[in-house]
Structure formats: C-alpha cells, structure tokens
Number of protein chains: 2
Amino acid sequence: MSATNTDVSSALEPCGAPDHEDCGLSLILNRLGEKWTVMTLSELTVRPLRYRELERALDGITQRMLTLTLRRLERDGFLSRHVEPTVPPAVTYSLTERGRSFAELIAPLVHWSRLNKNSIEASQAAFDRRPAAMPWY
Amino acid sequence: MSATNTDVSSALEPCGAPDHEDCGLSLILNRLGEKWTVMTLSELTVRPLRYRELERALDGITQRMLTLTLRRLERDGFLSRHVEPTVPPAVTYSLTERGRSFAELIAPLVHWSRLNKNSIEASQAAFDRRPAAMPWY
DNA sequence: CAGCATCCTCTATGATACTG
DNA sequence: CAGTATCATAGAGGATGCTG
C-alpha cells in the first residue's frame with residue numbers, strides 16, 4: 001500500500017498504519033493537537049521567556065495548562081528549563097536545537113493555513129447548507 | 001512579539017496568539033490531532049477507496065470513527081464522496097486537490113518524526129528517570 | 001455495502017484555591 | 001514568582017446493535 005515507485009520521500013506514509021512501522025509520528029501529531037503547544041513554541045521562538053512572561057503572552061491559558069504544556073515539551077527535549085535559585089525563583093524556558101527544528105517544521109503549516117483558510121471555510125459552509133437527507137447525491 | 005526583522009516567512013507565527021490574527025491554523029492542527037485523519041489521507045493518497053476498503057486498511061478503526069473522519073474531511077473539502085446508486089450502494093472516497101496539497105504538507109512531519117524518534121524517546125526516558133523532587137535543578 | 005443510533009469511558013482542558 | 005492540588009466538564013474515541 002505504500003507508494004514505492006516514483007515518489008520516494010515526498011509521499012505521505014503514515015506511521016502506525018498496518019503496513020507502516022511506527023516512526024513516532026503520533027507523538028508529534030498529538031503535540032500539535034494540544035491546544036497550547038504551537039503557540040508556546042512560537043513565543044519561545046522569539047526569545048527565551050520566563051514563566052510569567054509566557055503566561056501573559058498566551059492569552060487565556062491557565063497556570064495548570066501552561067505547566068503541563070511546558071513539562072511535556074521539556075520531556076520531549078523541545079525546550080530547556082533554567083532555574084535561577086533566587087527568592088523568589090526565576091525560571092526561564094528556551095528552545096533547544098530540537099525545539100527550533102520542530103518549530104521550523106510547523107511554519108509551512110501556518111503558511112498553508114493562511115492560504116487556504118477562506119476556501120476551506122467556504123467548503124464547510126457549503127457542506128452545512130447541504131440538504132439533510134440526500135443519500136443519493 | 002512577531003519576528004519582524006530578518007526572517008519573513010520562515011518564522012513560526014502562530015495564528016490565535018493575542019498578537020496574531022486567526023489564520024485558520026487551529027483547524028488543521030485539530031485535524032492533525034485527530035487519531036485517524038492522517039492515516040486516512042495517507043491511504044487515499046495511493047488511490048481512491050471505498051468505505052469498506054478504508055475500513056480494512058485502517059486497522060482497528062470503528063465504523064463510527066471512520067464515518068466521522070470521512071465526514072469531517074469531506075466538509076473541509078479535503079476529499080470528495082462519490083455515490084454509485086446501485087443496490088447495495090458503492091461509495092468511493094478520493095482526495096481533492098486541496099486534500100492532496102494537505103497531504104504533501106504532512107510528508108515533512110513524517111520524515112522529521114522518523115529522524116528524531118530515537119533521540120526524543122531518549123529525552124523522555126532521561127526526563128522520567130529524573131529524581132522526583134528536585135526543584136532547584 | 002455503507003452507514004446511523006446509543007451508550008460508555010477516558011483524556012484534554014478549564015476553574016479555583018493554596019504554597020515554598 | 002512559579003508553581004501544585006483538587007474538582008468539574010466537554011469532546012474524542014470506542015463498543016455494540018440496527019438498517020436501507
């Protein structure tokens with residue numbers, strides 16, 4: 001079922017499908033699906049930030065979700081956490097090389113979204129306007 | 001907060017953050033986060049498939065989730081649904097141009113995952129081995 | 001064949017309160 | 001400042017049975 005002939009690396013080969021080995025795709029797909037991951041990475045792309053700075057930058061985030069998001073990203077090695085042992089403590093988060101690499105990976109998604117936003121919303125509206133019961137169409 | 005100087009289009013600018021307009025990124029992020037979306041698109045990348053063919057290709061999927069996934073992708077205009085009005089009916093799903101474009105967008109993620117899987121898992125293991133209470137490190 | 005309807009569980013997220 | 005702890009909820013996902 002894999003596209004094995006002409007296209008070698010440009011084809012979409014999902015990892016996790018029965019005939020594909022697990023390549024860890026689900027991990028990053030899950031991360032991308034989490035509500036605050038991409039925005040957090042984005043903020044840290046600009047410069048390292050402290051906990052409170054992130055909290056203020058990510059409008060509406062709760063402390064719980066901020067901590068969870070940061071911990072998961074740290075666990076995956078996407079960012080590093082630096083604690084300055086002062087009182088009160090100063091904790092700074094910064095992207096690792098891997099985190100920066102991951103962020104670059106996401107940029108095309110943003111671009112594509114921007115390009116396709118309007119037409120996708122048009123498709124959705126058309127779909128929703130569709131007569132309710134019309135199994136033959 | 002946006003990176004405005006050297007990097008124009010390669011920077012990760014999240015849409016939805018307070019200082020960024022909504023570019024529809026959350027839609028595709030949500031889709032990517034859904035369990036069967038990418039695998040479904042992947043299967044359809046090879047060739048158009050009928051409902052039962054997809055069901056067999058996507059190991060472990062329930063009819064409920066297959067239908068949900070297909071409907072969402074159809075609504076977004078990523079795939080088209082063709083009904084042959086025979087008895088019993090024959091329904092074929094195929095990628096639209098937009099769906100194909102989206103699939104191409106995902107391919108780099110697969111590649112990146114493959115490349116980074118092992119080192120990410122190493123980071124996770126190291127993180128999990130870390131002493132429980134050690135707020136100063 | 002290609003679904004839809006129903007019930008159930010589990011996880012992501014959120015609200016709120018407390019602390020070294 | 002930078003968290004942790006507890007409680008609550010909505011939606012994703014799954015199990016099962018039925019149908020044009």
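Only a predicted model underlies this, so the values are computations on that prediction, with no experimental measurement involved. Below, each value reflects all heavy atoms present in this structure, side chains not excepted, and no hydrogens, waters or symmetry copies. Numbers restart at 1 for each chain; the letters A, B, ... are given by sequence-line order, proteins then strands.
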S.K.: Atom CD of Q63(A) and atom P of dA5(D): how far apart are they, to the nearest Å?
M.R.: 14 Å
S.K.: Does a side-chain N or O of R71(A) approach OP1 or OP2 of dG3(D) to a distance below 4.0 Å, or not?
M.R.: yes
S.K.: Quick one: salt bridge (charged side-chain N to carboxylate O under 4.0 Å, His left out) partners of K117(B), sequence neighbours excluded?
M.R.: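 Counting only residues at least two positions away or on another chain, K117(B) forms a salt bridge (charged side-chain N to carboxylate O under 4.0 Å, His left out) with E121(B).
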S.K.: Run the side chain to side chain contact (heavy atoms under 4.5 Å, CB included) test against A90(B) and tell me which residues pass, sequence neighbours left out.
M.R.: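 Partners of A90(B) by the side chain to side chain contact (heavy atoms under 4.5 Å, CB included) criterion, ordered by chain and then number, come out as R50(B), E84(B), T86(B).
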S.K.: For DNA chain C, which nucleotides open and close the run of contacts to chain B, 5' to 3', at under 4.0 angstrom from a non-hydrogen atom?
M.R.: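 Extent of the interface on DNA chain C: dC1(C) to dT6(C).
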S.K.: Could you pick out which residue, T69(A) or P88(A), lies toward the 5' side of DNA chain C when each is mapped onto its nearest nucleotide?
M.R.: T69(A)
S.K.: Can you sort out the partners of E34(B) under salt bridge (charged side-chain N to carboxylate O under 4.0 Å, His left out), two or more places apart, ordered by chain and number?
M.R.: R31(B), R72(B)
S.K.: Once side-chain hydrogen bond (donor to acceptor under 3.5 Å, both in side chains) is applied, do any residues pair with Q124(A), and if so which ones, sequence neighbours excluded?
M.R.: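 With sequence neighbours excluded, Q124(A) shows a side-chain hydrogen bond (donor to acceptor under 3.5 Å, both in side chains) to D76(B), given in chain and number order.
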S.K.: What is the distance, rounded to the nearest whole Å, between atom CG of L66(A) and atom C1' of dG3(D)?
M.R.: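 Going from CG in L66(A) over to C1' in dG3(D) covers 10 Å.
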S.K.: Quick one: side-chain hydrogen bond (donor to acceptor under 3.5 Å, both in side chains) partners of Y93(B), sequence neighbours excluded?
M.R.: R71(B), R81(B)
S.K.: Give me, pair by pair, the N or O atoms of the protein and of nucleotides 11-14 of chain D that are less than 3.5 Å apart, along with how far apart they are.
M.R.:
residue : atom : partner : partner atom : Å
dG13(D) : OP1  : K35(B)  : N            : 2.8
dG13(D) : N7   : R64(B)  : NH2          : 3.0
dG13(D) : O6   : R64(B)  : NH2          : 3.3
dG14(D) : OP1  : K35(B)  : NZ           : 2.2
dG14(D) : OP2  : W36(B)  : NE1          : 3.0
dG14(D) : N7   : R64(B)  : NE           : 3.1
dG14(D) : O6   : R64(B)  : NE           : 3.0

S.K.: Aromatic rings W112(B) and F102(A): how do their planes relate, parallel, tilted or perpendicular, breaks at 30° and 60°?
M.R.: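 Tilted, since the angle between the ring planes falls between 30° and 60°.
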S.K.: For R75(B), enumerate each residue passing the salt bridge (charged side-chain N to carboxylate O under 4.0 Å, His left out) test, keeping only those at least two apart in sequence or located in another chain.
M.R.: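 With neighbours one apart ignored, the set is D128(A).
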S.K.: Output all residues satisfying side chain to side chain contact (heavy atoms under 4.5 Å, CB included) with T96(A), sequence neighbours left out; order by chain, then residue number.
M.R.: S80(A), R98(A)
S.K.: Based on the rotation axes of five pairs at each end, what angle does the helix from dC1(C)-dG20(D) to dG20(C)-dC1(D) bend through, to 10°?
M.R.: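 One end axis against the other gives 50°.
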S.K.: Does R64(A) have any salt bridge (charged side-chain N to carboxylate O under 4.0 Å, His left out) partners at least two apart in sequence or in another chain, and if so, which?
M.R.: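 Scan of R64(A) (salt bridge (charged side-chain N to carboxylate O under 4.0 Å, His left out), adjacent residues dropped) gives none.
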S.K.: Could you list the residues that satisfy side-chain hydrogen bond (donor to acceptor under 3.5 Å, both in side chains) with T92(A), not counting sequence neighbours?
M.R.: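 side-chain hydrogen bond (donor to acceptor under 3.5 Å, both in side chains) check on T92(A) returns nothing, list empty.
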